[in-house]
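Heads up, the thing below is written out as structure tokens.
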Amino acid sequence: MRIIRKILTLALLTTMAAGLISCSAKPASQSSESTKADSTTKTEVTKENETSEMSDTKKKDAFGKSVVVFFSCTGTTKAVASKIASALGCSTYEIVPVKPYTEEDLNYKNKKSRATKEQNDDSARPEIEGDITDWSSYDTVFIGYPIWFAKAPKIICTFVEAHDFAGKKVIPFCTSGSSGIGSSATDLEKLAMNGGKWISGTRFSSSVSNKDISEWLGALEDTSKQ
């Protein structure tokens, strides 16, 4: 009987030991899967960060330090300029006339209105209030303006003639209800001090979307590679 009891006791102890080993193995397996999952998540986050950095680098290579210079009387050109600046993460500079334009000044049907007279006078150069700071630090200058009588307002000529564009990339854009940019951009290029590299100008309507702006900038990036 004693021998049988010893055999049963030994069998019971063996069964209990096997159960303990089996229970302790399960948490170890779960811990391994958790660690593997954490490792995968960190890899994906790193890839997203790398993609973002590459995008920023691409943008920097294409435009460098940029500024969006604009002249706007009704707010249309200002709105487009703001969208461009927002997409690039750069600053803006508004060209402000010493003598502000009134509604009557912009009456294009009146042949004696200020805007009409200025646009018909090749020598007209309206005075600008203040000036842009750190001009020499910018690599790319976006210049925006409304179309007045198929041309850039003469105050844009004032700005262009007053600044040295040597070594800068210049990207003009205009706003209008229907007229295209025409020769306004090339006319400004001829006035630019020390030239600079001028890119073909683009016309935007007041309804241009942020998506349209981004696609335009993307096309400009591709052009810059050539």
Side-chain angles (χ1 to χ4, degrees), residues 55-98 124-148 150-176 180-206 208 210 212-226:
S55 178
D56 291 341
T57 300
K58 179 183 176 183
K59 188 181 294 183
K60 185 175 181 180
D61 289 343
F63 302 116
K65 184 178 180 181
S66 306
V67 63
V68 182
V69 176
F70 69 92
F71 169 66
S72 182
C73 281
T74 63
T76 300
T77 306
K78 183 175 183 177
V80 175
S82 296
K83 289 179 181 179
I84 295 173
S86 178
L88 290 172
C90 70
S91 59
T92 62
Y93 170 74
E94 182 172 7
I95 297 174
V96 178
V98 170
R125 294 294 184 271
E127 190 177 354
I128 295 173
E129 183 178 305
D131 194 13
I132 185 171
T133 57
D134 299 328
W135 172 255
S136 61
S137 69
Y138 294 107
D139 303 299
T140 301
V141 181
F142 290 80
I143 299 182
Y145 50 87
I147 290 294
W148 289 1
K151 300 178 181 179
K154 291 301 174 67
I155 196 167
I156 299 295
C157 299
T158 305
F159 180 88
V160 170
E161 289 180 338
H163 294 85
D164 188 343
F165 288 86
K168 298 186 186 300
K169 184 181 298 181
V170 189
I171 305 175
F173 66 94
C174 74
T175 58
S176 71
I181 197 165
S183 64
S184 64
T186 53
D187 291 341
L188 291 174
E189 182 179 1
K190 294 175 183 177
L191 298 176
M193 185 188 303
N194 293 324
K197 181 181 179 181
W198 287 65
I199 307 299
S200 297
T202 301
R203 173 254 177 191
F204 292 111
S205 67
S206 59
V208 64
N210 290 321
D212 292 334
I213 293 294
S214 294
E215 291 178 350
W216 172 63
L217 291 172
L220 289 176
E221 288 179 354
D222 293 336
T223 301
S224 298
K225 293 179 181 178
Q226 301 175 359

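Residue indices begin at 1 and follow the sequence shown.
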Original post:
Less than 4.5 Å apart, any side-chain heavy atom of V96 and any of I128?
Top reply: no
Original post:
For T175 and R203, does a side-chain donor sit closer than 3.5 Å to a side-chain acceptor?
Top reply: no
Original post:
Is it true that the NZ or CZ of K169 lies under 6.0 Å from the centre of W198's six-membered ring and within 45 degrees of the ring axis?
Top reply: no
**OP:** Might you work through the side-chain hydrogen bond (donor to acceptor under 3.5 Å, both in side chains) test for Y93 and T133, ending with a clear yes or no?
**Re:** CA-CA 9 Å; Y93 170 74; T133 57; over 6 Å; no
Subject >> Check: I132 and H163 side chains under 4.5 Å, non-hydrogen atoms >> reply: yes
**OP:** Check A185 against Y145 and note the closest heavy-atom contact, atom names and distance.
**Re:** N-OH, 3.5 Å
Original post:
Between F71 and W148, what is the ring plane arrangement, given parallel below 30°, perpendicular above 60°, and tilted in between?
Top reply: perpendicular
Subject >> T140 and K65 side chains, donor-acceptor separation under 3.5 Å >> reply: no
**OP:** Calculate, to the nearest 0.5 Å, the distance between atoms CG and OG belonging to N210 and S86 respectively.
**Re:** 6.5 Å
Original post:
Within a strict 4.5 Å, meaning less than it, do heavy atoms of the K168 and K197 side chains meet?
Top reply: no
Subject >> Considering all heavy atoms, the nearest S206-T76 contact >> reply: CB-CG2, 3.7 Å
Original post:
Looking only at atom types and distance, does a side-chain atom of T158 sit under 3.5 Å from a main-chain N or O of E127, one as donor and one as acceptor?
Top reply: no
**OP:** For the residue pair F173 and V80, establish whether any side-chain heavy-atom pair is separated by less than 4.5 Å.
**Re:** yes
Original post:
Under the side-chain contact (heavy atoms from CB on, under 4.5 Å) criterion, do V170 and I143 qualify, and how do the steps go?
Top reply: CA-CA 7 Å; V170 189; I143 299 182; 3.9 Å; yes
Original post:
If every non-hydrogen atom of I147 is compared with every non-hydrogen atom of C174, which pair is closest and at what distance?
Top reply: CG1-SG, 3.7 Å
**OP:** Would you indicate whether the side-chain heavy atoms of L217 and L88 approach each other to under 4.5 Å?
**Re:** yes
Original post:
Would V68 and C90 count as a side-chain contact (heavy atoms from CB on, under 4.5 Å) if you check the C-alpha gap in whole Å, the side-chain angles of each, and the deciding distance to 0.1 Å?
Top reply: CA-CA 8 Å; V68 182; C90 70; 3.8 Å; yes
Subject >> Atom of M193, atom of E161 and distance for their closest heavy-atom approach >> reply: CE-O, 3.4 Å
Original post:
Is there side-chain contact between F142 and F63, with at least one heavy-atom pair below 4.5 Å?
Top reply: yes
**OP:** Verify, without hydrogens or angle tests, whether S72 (side chain) and K78 (backbone) share a donor-acceptor contact under 3.5 angstrom.
**Re:** yes
Original post:
From I155 CD1 over to C73 SG, what is the distance, rounded to the nearest 0.5 angstrom?
Top reply: 8.0 Å
Subject >> Shortest non-hydrogen separation from T77 to P146 and the atoms involved >> reply: OG1-N, 3.6 Å
Original post:
Should the heavy atoms of other residues, nucleotides or ligands under 6.0 Å from NZ of K83 be counted, would the total exceed 12?
Top reply: yes
Subject >> Validation row: F70, T92 side chains within 4.5 angstrom (heavy atoms) >> reply: yes
Original post:
Side chains of I171 and W216: closer than 4.5 Å at any heavy-atom pair?
Top reply: yes
Original post:
In Å and rounded to the nearest 0.5 Å, what is the SG to CG distance from C157 to D187?
Top reply: 8.0 Å
**OP:** First locate atom OG of S205, then atom CG of D212, and finally report the distance between them rounded to the nearest 0.5 Å.
**Re:** 8.0 Å
Original post:
Could you go step by step and tell me if I95 and V69 meet the side-chain contact (heavy atoms from CB on, under 4.5 Å) rule?
Top reply: CA-CA 7 Å; I95 297 174; V69 176; 3.7 Å; yes
**OP:** Could you walk me through whether F165 and W135 pass the ring pair (Phe, Tyr, Trp, His ring centres under 6.0 Å) test, one step at a time?
**Re:** CA-CA 9 Å; F165 288 86; W135 172 255; 5.3 Å; yes
